[in-house]
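To start, the structure itself, in structure tokens.
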Amino acid sequence: MTGAGGPADVCAVVLAAGEGTRLRPLTERVPKALCPVGNVPLLDHALTRLAGLGLAGPARVAVNACYLADQVVAHVDDRAHLSVEPGDPLGTAGGLANLRDWIDGRPVLVGNADAYLADPAAPPGPDVAAMLDGWDGHTVRLLGQPAADPAAPGTFAGHCFTGLSLLPWRLVRDLPVVLSDLVHAVWRPAEAAGALEVVPYRGTFYDTGTPADYLRANLHAAAGGVLVDPSATVTGRCVESVVGAGARVDGDVCRTVVWPGATVRDGERLRDVVRAADDLTVPC
């Protein structure tokens with residue numbers, strides 16, 4: 001089910017409406033979708049991956065927003081269709097239902113903005129192309145990795161979900177615009193009906209939902225070294241760390257993420273933390 005311009009008839013939705021409660025206090029000021037990994041906002045990682053599949057622009061890609069929605073809207077601008085949910089987030093299924101008129105009969109590739117994926121053997125897009133290759137248009141597909149315990153709750157065919165699902169229109173069409181999730185509304189019913197497939201992902205995956213996993217994703221993006229934005233200033237010692245745009249490091253950092261504009265003062269020693277702002281340091 002492919003074409004010269006990308007997957008034929010498929011649209012994509014990036015889910016970016018959640019509050020990121022497990023990532024607090026980092027998400028008290030910045031929505032989780034805009035938290036940087038490897039000095040790139042998570043949402044941009046997701047949009048780049050979709051572009052690598054031939055899915056780009058407001059006719060083919062939508063982003064939903066709710067929590068700190070103004071930041072998401074300003075960041076996306078005209079790169080995608082925007083769906084701003086009033087009040088509280090509608091959840092993964094409710095958010096998709098709220099986009100029904102935009103989806104308009106098309107199959108939809110749904111991605112979590114907080115999913116960090118990296119495959120050394122393929123660039124973003126081609127690394128998940130198997131999600132679309134040979135699809136019959138009727139089954140539900142999930143991207144997954146083998147679970148340590150194949151029988152553990154939350155697994156699908158012995159796999160852990162890794163951030164992407166492919167849904168036929170018929171399963172999206174009747175979803176109600178209420179707080180609901182895809183696990184119970186779509187995935188488990190499809191599994192029970194024998195209509196769910198898991199597509200293995202061979203690369204690295206972090207859901208970045210906790211400070212510890214968020215740090216791990218950043219350290220992976222730095223490839224075991226130091227990743228410093230060209231506009232940052234570093235006079236101190238950096239080991240296995242990521243330093244963002246306009247940041248300043250005069251102290252000693254190891255296994256640390258320094259967000260854009262933040263400062264590590266001379267004499268400070270940081271390890272296994274995120275310095276999100278001069279007044280906010282989060283242990284990981």
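FYI, side chains are in, hydrogens and waters are out, and symmetry mates aren't considered; it's all heavy atoms of this structure. In what follows, residues are counted from 1 in the order of the sequence shown.
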Main-chain N/O of Gly158 paired with Thr155 side-chain donor or acceptor, under 3.5 Å: no

Heavy-atom count check: over 12 atoms from other residues, nucleotides or ligands less than 6.0 Å from Arg269 CZ? no

Please walk me through it: do Asp272 and Arg216 pass salt bridge (charged side-chain N to carboxylate O under 4.0 Å, His left out)? CA-CA 10 Å; Asp272 292 313; Arg216 290 188 188 102; over 6 Å; no

Return yes if a side-chain donor-acceptor contact under 3.5 Å exists between Arg275 and Thr281, otherwise no. yes

Could you give me the CA-CA distance, side-chain angles and deciding distance for Cys238 and Val243, then say whether side-chain contact (heavy atoms from CB on, under 4.5 Å) is met? CA-CA 9 Å; Cys238 285; Val243 181; 4.2 Å; yes

Does a side-chain heavy-atom distance below 4.5 Å link Val128 with Leu53? yes

Remaining members of the apolar cluster that contains Trp102, side-chain heavy atoms under 4.5 Å: Val13, Leu15, Leu96, Leu99, Ile103, Val108, Val110, Val140, Leu142, Phe156, Phe161, Leu167, Trp169, Leu171, Val172, Leu175, Leu182, Val183, Val186, Trp187, Leu196, Val198

Have a look at Ser83 and tell me which of Asp101, Leu90, Asn98 forms a side-chain contact (heavy atoms from CB on, under 4.5 Å) with it. Asn98

Is a side-chain donor or acceptor of Ser231 paired with a backbone partner of Asp229 at a separation under 3.5 angstrom? no

For Asp9 versus Pro107, what's the shortest heavy-atom pair and its separation? O-CD, 3.5 Å

Side chains of Glu240 and Thr256: does their closest heavy-atom pair fall under 4.5 Å? no

Side-chain donor-acceptor contact under 3.5 Å, Thr162 with Gln145: no

For atom CZ of Arg237, decide whether the heavy atoms of other residues, nucleotides or ligands shown that lie under 6.0 angstrom number more than 12. no

I want to check something: taking the side chain as every heavy atom from C-beta on, are His81 and Val61 in contact at a cut-off of under 4.5 Å? no

Can you see which heavy atom on Pro168 is nearest to which on His138, and at what distance? CG-O, 3.4 Å

Any side-chain heavy atom of Val73 sitting closer than 4.5 Å to one from Val84? yes

Looking only at heavy atoms, the pair that brings Leu117 and Arg49 closest together is O-NH2, 2.9 Å

Could you give me the CA-CA distance, side-chain angles and deciding distance for Asp250 and Arg248, then say whether salt bridge (charged side-chain N to carboxylate O under 4.0 Å, His left out) is met? CA-CA 6 Å; Asp250 296 321; Arg248 184 175 186 97; 2.9 Å; yes

Locate the shortest heavy-atom distance separating Ala222 from Leu227; write the atom from each residue and the value. CB-CB, 4.1 Å

Can you name the nearest heavy-atom pair linking Pro126 to Ala122, along with the distance? C-CB, 4.2 Å

Once the angle between the rings of Tyr116 and His45 is folded into 0 to 90°, is it parallel (under 30°), tilted (30 to 60°) or perpendicular (over 60°)? perpendicular

Over all heavy atoms of both residues, which pair between Val199 and Arg141 is shortest? Give the atoms and the distance, please. CG2-CD, 3.9 Å

Do Val234 and Leu219 sit in one hydrophobic cluster, given that two such residues count as connected whenever their side-chain heavy atoms are within less than 4.5 Å of each other, even indirectly? no

Quick test of your reading of the model: are Arg24 and Glu19 salt-bridged, counting only N-O distances below 4.0 Å? yes

